[in-house]
Student: 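Quick one: the structure is below, questions incoming.
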Amino acid sequence: MQVRTGDTFDPRVIALLDHHVTAARAQTAPGSAHALDLAGLRASDVAFWTGWDGETLVATGALKLLSADHGEVKSMHTLQATRRRGFGGQMLRRIIAEARARGLQRLSLETGSWDYFKPAHALYQARGFVLCGPFEGYVEDPNSLFLTLDLTGG
């Protein structure tokens, strides 16, 4: 997979992100979905990437800066037809590498707690993320799972 800086004006990117937001919201209780929309991905505190298998868009991912030492994984999504081929893991490695390059000490995320999100839980935990409490404006929610990764170690 080739990872590129994401173009939020590319119709293929817009379509995949629309699917991501729509699917996530359909699987999440009202008020518990926290996916960024296009305007959120275009914010100055967000770095956004797309993953390509040839000319096929297969993944998206973003890093939102919360503070000088804390970032958040956002908009992680892999095209349904290409799942289980390692594209999500590659995108997550890119986000972690960028967080480290920026000197962040911690990288956190919020994802759904429902069965639909279990593959995401496994991906994050396999990369060292551990359960944590709500962070940066989130509140306890039975529909959310909060995970964090300490970036200060080797």
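Residue indices begin at 1 and follow the sequence shown.
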Student: For residues Leu16 and Leu123: do they belong to one hydrophobic cluster (side chain heavy atoms under 4.5 Å, members Ile, Leu, Val, Met, Phe, Trp, Tyr)?
Tutor: no
Student: Do Leu66 and Leu104 make a side-chain contact, defined as non-hydrogen atoms from C-beta onward lying under 4.5 Å apart?
Tutor: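 The answer is no; the side chains never approach within 4.5 Å.
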Student: If I take atom CH2 from residue Trp114 and atom CZ from residue Phe117, how far apart are they, to the nearest 0.5 angstrom?
Tutor: 8.5 Å
Student: Within the structure provided, determine whether Asp7 and Thr50 are in side-chain contact (heavy-atom separation under 4.5 Å).
Tutor: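 Result no, sub-4.5 Å side-chain heavy-atom pair not found.
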Student: Drop me the distance from His19's NE2 to Leu17's CG, to the nearest 0.5 angstrom.
Tutor: 11.0 Å
Student: State the CZ-CZ distance between Arg94 and Arg4, to the nearest 0.5 angstrom.
Tutor: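 So the CZ of Arg94 and the CZ of Arg4 are separated by 14.0 Å.
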Student: Within a strict 4.5 Å, meaning less than it, do heavy atoms of the Ile95 and Met76 side chains meet?
Tutor: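 Ile95 reaches Met76 side chain to side chain.
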Student: Treating Arg42 as the side-chain partner and Thr8 as the backbone partner, does any N or O pair qualify as donor plus acceptor under 3.5 Å?
Tutor: yes
Student: Between Gly133 and Phe146, which heavy-atom pair has the shortest distance, and what is it?
Tutor: O-CB, 3.6 Å
Student: Which of these passes side chain to side chain contact (heavy atoms under 4.5 Å, CB included) with Val58: Gln90, Met1, Met91, Gln2?
Tutor: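 That would be Met1.
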Student: Going from CG on Asp10 to CG on Leu57, what distance comes out if it is rounded to the nearest 0.5 angstrom?
Tutor: 7.5 Å
Student: Are Phe9 and Leu38 side-chain neighbours, meaning at least one heavy-atom pair lies under 4.5 Å?
Tutor: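 Sidechains of Leu38 and Phe9: no contact.
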Student: Under a 4.5 Å side-chain heavy-atom rule over Ile, Leu, Val, Met, Phe, Trp and Tyr, are Val130 and Leu92 clustered together?
Tutor: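 In one cluster with Val130: Leu92, no.
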Student: Do Leu63 and Val46 have side chains that get closer than 4.5 Å, going by heavy atoms?
Tutor: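 Not touching, per the 4.5 Å side-chain cut-off.
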Student: After noting the C-alpha distance and the side-chain angles of Thr148 and Leu107, does the key distance pass the side-chain contact (heavy atoms from CB on, under 4.5 Å) rule?
Tutor: CA-CA 6 Å; Thr148 196; Leu107 189 58; 6.0 Å; no
Student: Before giving the answer on side-chain contact (heavy atoms from CB on, under 4.5 Å), spell out for Glu110 and Glu136 the whole-Å C-alpha distance, their side-chain angles and the decisive distance to 0.1 Å.
Tutor: CA-CA 11 Å; Glu110 179 277 338; Glu136 206 59 35; over 6 Å; no
Student: Could you tell me the separation between the OG atom of Ser67 and the CZ atom of Phe135, rounded to the nearest 0.5 Å?
Tutor: 11.0 Å
Student: Quick check: do Leu149 and Val73 have side-chain heavy atoms less than 4.5 Å from each other?
Tutor: no
Student: Check the pair Asp69 / Arg106 against side-chain contact (heavy atoms from CB on, under 4.5 Å), numbers first and verdict last.
Tutor: CA-CA 6 Å; Asp69 65 353; Arg106 185 165 70 121; over 6 Å; no
Student: May I ask you to test the Leu109-Tyr124 pair for a side-chain heavy-atom distance under 4.5 Å?
Tutor: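 Leu109 vs Tyr124: side chains touch.
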Student: What's the verdict on side-chain contact (heavy atoms from CB on, under 4.5 Å) for Thr60 and Leu41, showing C-alpha distance, side-chain angles and the deciding distance?
Tutor: CA-CA 11 Å; Thr60 63; Leu41 287 171; over 6 Å; no
Student: Is there a donor-acceptor contact under 3.5 Å from the side chain of Ser75 to the main chain of Ala62?
Tutor: no
Student: May I ask you to decide if Arg83's main-chain N or O and Thr78's side chain share a donor-acceptor pair within less than 3.5 Å?
Tutor: no
Student: Does some side-chain heavy atom of Leu131 sit less than 4.5 Å from a side-chain heavy atom of Leu145?
Tutor: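 A side-chain contact under 4.5 Å exists here.
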Student: So, taking the atom named CZ in Phe129 and the one named CG in Asp150, what distance separates them when rounded to the nearest 0.5 Å?
Tutor: 11.0 Å
Student: Donor-acceptor check, side chain of Arg127 to backbone of Arg93, threshold 3.5 angstrom: yes or no?
Tutor: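 No.
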Student: If you group Ile, Leu, Val, Met, Phe, Trp and Tyr by side-chain heavy-atom gaps below 4.5 Å, do Leu36 and Leu65 land in one group?
Tutor: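 As far as the 4.5 Å side-chain criterion goes, Leu65 and Leu36 are not connected within one cluster.
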Student: Quiz question: by atom type and distance under 3.5 Å, do the side chains of His121 and Thr111 form a donor-acceptor pair?
Tutor: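 No, because no side-chain N or O of His121 sits under 3.5 Å from a partner of the opposite role on Thr111.
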